[in-house]
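A note on names: the letters A, B, ... follow the listed sequences, proteins ahead of strands, and every chain is numbered from 1. These numbers come from the heavy atoms of this one structure, side chains and all, not from hydrogens, waters or symmetry mates.
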Amino acid sequence: MELIYEKSVPGRRGVKLPASDVPPAPPLPEGLLRTEPAGLAEVSELDLVRHFTNLSRLNFSVDTNFYPLGSCTMKYNAKVLENAAVLFVPFHPMTALLPGGGEFCQGSLGMLYDLGQMLADITGMDEVTTQPLAGAHGEMTGILLISAYHRAKGNRKKYVVVPDSSHGTNPASATIAGYEIITVPTAPYGDMDLELFRQAMSDEVAAVMMTCPNTLGLFNPHIKEICDIAHSFGALMYYDGANLNAIMGKVKPGDVGFDVVHVNLHKTFGTPHGGGGPGAGPVGVKKALIPFLPQPRIDMDDEGTFVLQTSRPGSIGRAANFFGNFGIMVRAYAYIIMLGREGLIQVSEQAVLNANYIKERLKPYYDLPYDQTCMHECVFSASRQLAHGVHAIDIAKFLIDRGYHPPTVYFPLIVKEAIMIEPTETESKAAMDAFIDVMIEAARTAESDPQAVLDAPLTMPVSRLDETKAAREQHVCYLG
Amino acid sequence: MELIYEKSVPGRRGVKLPASDVPPAPPLPEGLLRTEPAGLAEVSELDLVRHFTNLSRLNFSVDTNFYPLGSCTMKYNAKVLENAAVLFVPFHPMTALLPGGGEFCQGSLGMLYDLGQMLADITGMDEVTTQPLAGAHGEMTGILLISAYHRAKGNRKKYVVVPDSSHGTNPASATIAGYEIITVPTAPYGDMDLELFRQAMSDEVAAVMMTCPNTLGLFNPHIKEICDIAHSFGALMYYDGANLNAIMGKVKPGDVGFDVVHVNLHKTFGTPHGGGGPGAGPVGVKKALIPFLPQPRIDMDDEGTFVLQTSRPGSIGRAANFFGNFGIMVRAYAYIIMLGREGLIQVSEQAVLNANYIKERLKPYYDLPYDQTCMHECVFSASRQLAHGVHAIDIAKFLIDRGYHPPTVYFPLIVKEAIMIEPTETESKAAMDAFIDVMIEAARTAESDPQAVLDAPLTMPVSRLDETKAAREQHVCYLG
Amino acid sequence: MNDSHYCPHTPEEIREMLSVAGASSVEELFAPIPPELRAKTFNIPPGMSEFETFARMQAIAADNSAAMVNFIGGGFYDHIIPAVVDHLSGRAEFYTAYTPYQPECSQGTLQALFEYQTAICRLTGMEVSNASLYDGATACAEAAMMALRVTGRTRIVVDGCVSPFSRQVLKTYLYNQAVEVVEIAPLDGLLNRAALAACLDEHVAAVLVQNPNFFGCIEDLSPLAEQVHAAGALLVASVYPISLGIITSPGEMGVDIAVGDGQSLGNPLSFGGPSFGFLAAKKAFIRNMPGRIVGETVDKNGKRGFVLTLQAREQHIKRHKATSNICSNQGLCALRGLIFLSAVGREGVADLARLNRDKAEYAKARLAGIPGVTVLPSAPTFNEFTVFLPKPAAPVVAELLKQGIAPGVPLEDYYEDSANALVVTVTEKRTKKEIDWLTEALRAEL
Amino acid sequence: MNDSHYCPHTPEEIREMLSVAGASSVEELFAPIPPELRAKTFNIPPGMSEFETFARMQAIAADNSAAMVNFIGGGFYDHIIPAVVDHLSGRAEFYTAYTPYQPECSQGTLQALFEYQTAICRLTGMEVSNASLYDGATACAEAAMMALRVTGRTRIVVDGCVSPFSRQVLKTYLYNQAVEVVEIAPLDGLLNRAALAACLDEHVAAVLVQNPNFFGCIEDLSPLAEQVHAAGALLVASVYPISLGIITSPGEMGVDIAVGDGQSLGNPLSFGGPSFGFLAAKKAFIRNMPGRIVGETVDKNGKRGFVLTLQAREQHIKRHKATSNICSNQGLCALRGLIFLSAVGREGVADLARLNRDKAEYAKARLAGIPGVTVLPSAPTFNEFTVFLPKPAAPVVAELLKQGIAPGVPLEDYYEDSANALVVTVTEKRTKKEIDWLTEALRAEL
């Protein structure tokens, strides 16, 4: 498809601006005055609409395709949540920061407060900040809270421990927070090697970051022990909430021994992924870390009025402008109150049921390196198909031609040719059965006609793309 | 694609209903109590969303494809109009009919009043009813008004005269209104044969229904004379507003001599066609017909309050429930005030320019039976292609494969193998040039490889469908 | 020149196009219009930006009162609309398409309409459905005209319990046709069956009833169907689709043509429209049906597909001999109806209907508890019922409107000697609290 | 069991699936969780229907005050959003997709992000752009960290005229890193260039400025760029994208990394988010950029296509050596920005910027006419300017809020000795009438 700039015609307009009702101001002085207008597209509203409508149709999405992308929790995003978010469109966040302005924002502030309370209950934490703008941003915020905690205690610590199966954001976030990383390998049973973990621990470890269930979809039976060991070294336990969808109402990270947790609202709490964002990554903490939470904080005074605290001395400061990705929080809040206690439990139960169902159905066709009851996702390996020259990526492309978004491939890194499937609770049995049939077809075709798999996809707007050329030429801005 | 009923699973639910806060009522008596629930689909919200989202993607539409469907005025539908319509969603129409209820509906009533005034100005009429729900409904209403007029004068008339190039709705509507039809052929110069028209006229003719420009896209130079002749027989002139897009601000039907006119809001005034509706067909009349307009009528009293008149003795009664397709009128009203005087004139000018541009560009490739300056549409014939066994319908299918919705084919009936092209004013030159290229390619392929045209379309979800089988088997309800 | 961004051409493009068109100005293209006919005035106000337009529309909407608790119906009902209905019917490919004359590139609309017809058939218990009419009132008129065609007779008998709006529309449609419309005055809010028996003869093409009727009463139409059929006429029933979740379907009651307004199925109140009318019938009458019909067929490779079928009934083919003049219908509203029904589903539509009736029965009991208020006792009701106040209803309604409650529709304007009667509607959206508020507000006025 | 329609399984299906999974109950699948760790409480309230949920959300929104005429900015701006932005970004295929890791079935998102990068490059006059960051404040922090990587130095100098929120976020990001942040106190609402010169040395990685700055003042950054480059450091500028319609672009002024908040580009106020941050730079720095980058390439048939590129910078590949920890970004908000910019267009963005400035200059003149009110005269301004009232601003603001006007942001909380200062913002949405109202209301309070 042509670029919008290639459809551009000099002098064309896509929107008519309001007429001015004030006199024109004298122009800016030279030097400050732009001489050449920015080369934006010049198209009519129809051109614009047709361009982006047709662009949208080049995408797979949850609303059009089963999207079992492991570790991303691509559940269905209820439409009423979108409508709820629109209700808050007119409100300026600065109002709340003006003298006496809080009075005019009680709805928004109260919702943030309530959302924090509910997330605290779900995660077993004592208080939550809703400011972080994404999961990784929550991780960074969480580790900064831990650093503030250690600093306040006078601890000098320089390491953060992560298992080798962790999300890449874990070590990257801890690095921004000023720590060096110690990586602990996974044991053959699929969890972080307990012995090697013990060896990695020392008084210089500030935090241990874990996902539980881990990225293999397995619940670590030693998790409590790990927490105890970490605490015995004065380290705090960080819970990466990416996989929270598996355990709502079943187990609370706070009860297990975690001190800090972030939650991905765009995963567990049903807000859409937006083609890469926005998400939101609220962070919950145990009591000892409350003084360090980012500001402004929202408190409820004795009369039930929600007030802002903007100057708490111990705070790590501001993690972002204003109140975080507010519109995402509206959606998550509505999701939680709509599903309620039983609904959230059911979400986790059916997410786990679905993953186990797919795991059992596909086991005869794909290697399953860690053959256990899984939680919300399961990780296969295409190693058997590799014997025929077919890689995990080829299976992925084969699925695309049949209308399925591929599972996550090549993650976690500890599984060779990994195929990580997370169906989520919102998919029906029929949808999963159809997917399973195609996965089986892929396995069979990999044996009988491997080239057919290697040639996929054939039905998409483009076939396989030259990523090397892209990286080499770095053509990231249209120069026409 | 499977039917929604084929995706149905007993016991599944798509929406959770509000919980009851009142005691259950005792059941209805037997005989009144339904014994077997209606066999509606049982799907989850995700299933529902994926089904209809994917169904939508099987359609061509203005937002995805150039749609030069002659006589349908498939212009771009500005998005702000959709947003405007949403503003009026909560208002119950019955409120206005309650004692004292008008006070709570001044916005809606005032908008209808203003819309009527503006449509009266555009069409040169004295008053407008916005009640009719579609163009054909407007035609029926208009002819009924004419019949009431004649009745009030004691005239006994039994015929309505239409040219043979008229829309099929004209004679069909006049029939419902109780008249017999006299059809006048088209002369070789492309307009209703003036001599034959004179011969058709008599004191028994109640009305003459005309489209001007007519369905060939031609403005009838004798239109004033026709009106005069009709009036001399005591007949009234009815203006079918389907082609109003060509003449806004240029000529007013009322000035020409028409007595009644209907307007298709979904054509000229930019409201979307909805895959077949809803539209709206307000009807304007000259002073003499005002007493007969449908009720309720909206008047403005001396204090500027809008009030309903529900019992005018001469009225033909009610054409529809309440106030017509109100949401469509909101869109049309917003369209008119947004474009304004100059904008509406420009609409007609560019609609006419675009049609003439396409006509001149395609003339070398397709027969143009009436080679004149056209208004907003032009009608070719595929007769030259027919020599190679390629019909207008084959050209149409060829276009589909290239991403263009076909023009109207086989209408008007007076042109053999008609191809009726109406680009509308909202299409850019680039869009028209690309369409012209494909039309030329079609003409060339019809000569060089006619079978390739006959085989089209190949890229759609289905190839050509067996319409005979459909009509024979009458399978109009899923029986599974 | 380029005043509106909905006319995209630049001056350069206009010059190029004019040169191709062989004209020196756009004005020249209007030369076919005789100069003396040209418009002398054009008083539409100057245009404005999108932003200003929307602000103006907001101001107009703000001139209505949104904060009204509705206990009014009379044809339009304040029901829940699941969010999916807006989101899916708001897909541009649905709402910016035309009537699906070219089936290969319109399978989305066509399949949806086929599914819609199926939903209507299943809800009404009828065999065939068209793809929508304008609204419930015009659907009554179309059904009457259909019965005239089927029977070749010339008289329509209408129960006075049918909505006065539907009766008025019917009379308007038949205003200038050689057809007689006979109305039977209601008896205690029900069809006067004795009066009907007296006028059923060989001229009667159809008897039109409504169930539940305008007073809210539900009748068993089965005996009536036998009676009407015995006279060689058709029974046409206008029904409230949500009520069919629990009320025996017109098909089971022996009705020949079932019609109704689809507003309650996922279409907003929107000050009265757009909505849609549905029309379903026994299969024998299919060739006399008005409106579009979608049929299943196969393509040349044997693949299932959908087309507009039986078009030989329609005006674009048959002109004045068509079964109806309908061209545009209410396709998008029908799509909303289908999405609504598919979201609510088989069990859900029964639950929804029960919820309506439970709320209405609660309200009925509460209102009946007000001294001087009595309830029309003739028949069971669904979600509307008629009460008699101890004084004229109109001023009471006017007073309650000012308090933000629309307590019901007074019957005074529609029936003689009914000044004290009020039809109260209670949908599933009305809470116990709101019903209690209505009760207290009404009590205070009486 | 089937409490929520978002969990679609029927009891029969659950039985079938359990049997495949070899478990006798769903509970059994949770056996890997040690019993002693199982949740003992779960206090989330019971769920409710969609209708009730939406009603609750409406009640919450109604607890805010919507009727506020905004003369406040400070990072978020009340601009027009053409209707197309919502309609197009609301296409489900955009908003329910994930990060486009599988390019063949994600060309829609990928091409749009490529077009977005192009729009940002053209607006800022820079060579390369990433595909969005979280917001303007975190973009400042990311740019600072990028400069640290590029230069290998350890100090960041920040103009005190940069938004206090951005400065706070920067400090939070660098809280625990071995990096020094030096702030230069503003001088008459402008960068104190002498103070800057004094602290520019071989440790300084970057100088961070904002243009227009928090006081609304516009500065020519060109001389500054020379000065900063001479010291071997990078100049990072946070800019207000709408202002670039008329203000010389950061690229032309010699800026190395341009960042900013994209809220003003088609993203609603929405109580502070989601919005997006943009980051554009000279091409030489591309491998040190944070966030996603989309690149053009070809498929195996030579057809143009788009992919996420330079992924070797990113956390999912490089883990702790990544240029940033970003995974989710604000893709949909960036898409809105692209649609906004493409709707407004080349000439339109200049017109829009002029309209903002015209309104602000009118307001400035009106407010300056109030006895005792003075305007900060240091530099030209865009659509924000600082006024000094004859008395403390805070109580005046509190009073005007009650009248429905948010008259500006008092500087008291952010700068010392600024109790009387107020930053007033005037966008194109503010009418002359509203500005006059502000003037009179303010006059009455002083």
Side-chain angles (χ1 to χ4, degrees), chain B residues 14-15 21-22 25 38-39 41 52 55-56 58-63 84 87 89 91 93-94 99-100 104 107 133-134 136 147 168 171-173 175 178 181 219 249 274-279 317-318 321-323 325-327 338 340-341 343 349-350 356-357 428 460 462-463 470 475 477-478, chain C residues 4 7-8 17 21 32 42 44 46-47 53 57 60-61 63-65 72 82 88 91-93 96-97 99 104-105 107-109 118 121-123 134 137 168 172 176 268 270-274 295-297 299 305 309 315-316 319-320 322 325 328-332 342-343 361-362 394 398 432:
Chain B
V15 69
D21 55 2
V22 298
F52 286 103
L55 265 193
S56 77
L58 304 182
N59 271 3
F60 279 14
S61 64
V62 172
D63 277 11
L87 298 170
V89 151
F91 306 117
M94 190 58 99
F104 303 95
L133 300 165
S147 82
S173 299
T175 301
I181 306 302
F219 194 92
R318 240 172 221 276
N321 258 338
F322 304 119
F323 305 101
N325 279 341
F326 185 82
M338 180 164 66
R341 184 181 187 285
E349 290 186 345
Q350 297 206 10
N356 278 284
Y357 177 71
S428 68
M460 290 293 107
V462 291
S463 60
H475 184 180
C477 169
Y478 177 63
Chain C
S4 152
C7 292
M17 292 170 68
F42 195 49
I44 302 297
T53 303
M57 299 310 291
I60 292 171
D63 255 2
N64 288 341
S65 171
I72 51 178
L88 296 174
R91 292 278 303 175
E93 295 95 326
T96 73
T99 304
E104 298 89 345
C105 57
Q107 285 295 300
T109 292
T118 303
C121 286
R122 292 180 172 191
L123 193 62
Y134 303 134
Q168 286 173 21
T172 298
N176 205 33
S270 191
F271 206 65
E296 181 180 323
T297 185
D299 75 359
T309 192
Q315 48 74 27
H316 62 283
R319 301 179 66 87
H320 65 279
N325 66 332
S328 287
N329 55 22
Q330 310 278 120
L332 193 72
S342 303
E361 291 295 314
Y362 174 76
K432 180 171 176 298

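Heavy-atom minimum distance, C:Gln315 versus B:Ala172: CB-CB, 3.7 Å. Residues C:Thr53 and B:Met338 come closest through the heavy atom pair OG1-CB, 3.2 Å. Taking every heavy atom of both residues into account, C:Gly305 and B:Val462 meet most closely at CA-CG1, 4.2 Å. Taking both residues in full, the closest heavy atoms of B:Arg341 and C:Ile44 are given as CB-O, 3.1 Å, listed atom of the first, atom of the second, then distance. Scanning both residues, B:Gly107 and C:Asn64, for their nearest heavy atoms gives N-OD1, 3.0 Å. Minimum heavy-atom separation, B:Gly276 to C:Thr99: CA-OG1, 3.2 Å.
Contact tally against chain B (heavy-atom pairs below 4.5 Å) for C:Pro268, C:Gly295, C:Gly331, C:Ala343: the top residue is C:Ala343. Ranked by heavy-atom pairs shorter than 4.5 Å toward chain C, the options B:Ala136, B:Ala41, B:Gly277 are led by B:Gly277. Interface summary for chain C: among B:Ile181, B:Val89, B:Asn356, the most heavy-atom pairs under 4.5 angstrom belong to B:Val89. When each of B:Pro99, B:Gly14, B:Gly249, B:Ala38 is checked for heavy-atom pairs under 4.5 Å with chain C, B:Pro99 comes out on top. Comparing B:Ser428, B:Ser147, B:Pro171 by heavy-atom pairs within less than 4.5 Å of chain C, the highest count is held by B:Pro171. When each of C:Ala322, C:Ser270, C:Gly272 is checked for heavy-atom pairs under 4.5 Å with chain B, C:Ser270 comes out on top. Ranking B:Ala134, B:Ser173, B:Gly178, B:Ser56 against chain C, the residue ahead of the rest is B:Ser56, based on heavy-atom pairs under 4.5 Å. Contact count against chain B (heavy-atom pairs under 4.5 Å) is highest for C:Cys105 among C:Cys105, C:Ser328, C:Ala398. Among B:Gly279, B:Gly100, B:Gly327, the residue making the largest number of heavy-atom pairs under 4.5 Å with chain C is B:Gly327. Listed options C:Ala21, C:Ala137, C:Pro82, C:Pro274 were ranked by heavy-atom pairs under 4.5 angstrom with chain B; first place goes to C:Pro274. Ranked by non-hydrogen atom pairs under 4.5 Å with chain B, the options C:Ala97, C:Cys121, C:Pro32, C:Ala61 are led by C:Ala97.
For a residue to count as touching a neighbouring chain, one of its non-hydrogen atoms must lie under 4.5 Å from one of that chain's; by this rule B:Phe60 touches chain C with backbone and side chain alike. For C:Pro46, the part lying under 4.5 angstrom from a heavy atom of chain B is the backbone only. Contacts of C:Tyr362 with chain B are made by side-chain atoms alone, with heavy-atom separations under 4.5 Å and no backbone atom involved. For a residue to count as touching a neighbouring chain, one of its non-hydrogen atoms must lie under 4.5 Å from one of that chain's; by this rule C:Thr309 touches chain B with the side chain only. Heavy-atom distances place both the backbone and the side chain of B:Leu133 under 4.5 Å from chain C. Heavy-atom distances place both the backbone and the side chain of C:Gln168 under 4.5 Å from chain B. Looking at C:Leu88, the atoms closer than 4.5 Å to chain B (heavy atoms on both sides) all sit in the side chain, from C-beta outward.
At distances below 3.5 Å, at least one donor-acceptor pair connects side-chain atoms of C:Thr118 with backbone N or O atoms of B:Tyr478. At distances below 3.5 Å, at least one donor-acceptor pair connects side-chain atoms of B:Asn59 with backbone N or O atoms of C:Gly108. Judged by distance alone, with hydrogens and angles left aside, the side-chain atoms of C:Asp299 form a donor-acceptor pair with the main-chain N or O of B:Ser463 at under 3.5 Å. Judged by distance alone, with hydrogens and angles left aside, the side-chain atoms of B:Ser61 form no donor-acceptor pair with the main-chain N or O of C:Thr96 at under 3.5 Å.
Residues C:Leu332 and B:Pro278 form a side-chain contact, since some pair of their non-hydrogen atoms from C-beta on lies under 4.5 Å apart.
Note that the CD atom of C:Glu104 and the CE atom of B:Met460 stand 9.0 Å from one another [nearest 0.5 Å]. Interatomic distance, B:Leu55 CG to C:Arg91 CZ, rounded to the nearest 0.5 Å: 10.5 Å. Note that the SG atom of B:Cys477 and the CD atom of C:Glu296 stand 10.5 Å from one another [nearest 0.5 Å]. To the nearest 0.5 Å, the span separating CD on B:Gln350 from CE on C:Met17 amounts to 7.5 Å. The distance from atom OH of C:Tyr134 to atom CG of B:Asn321, rounded to the nearest 0.5 Å, is 14.5 Å.
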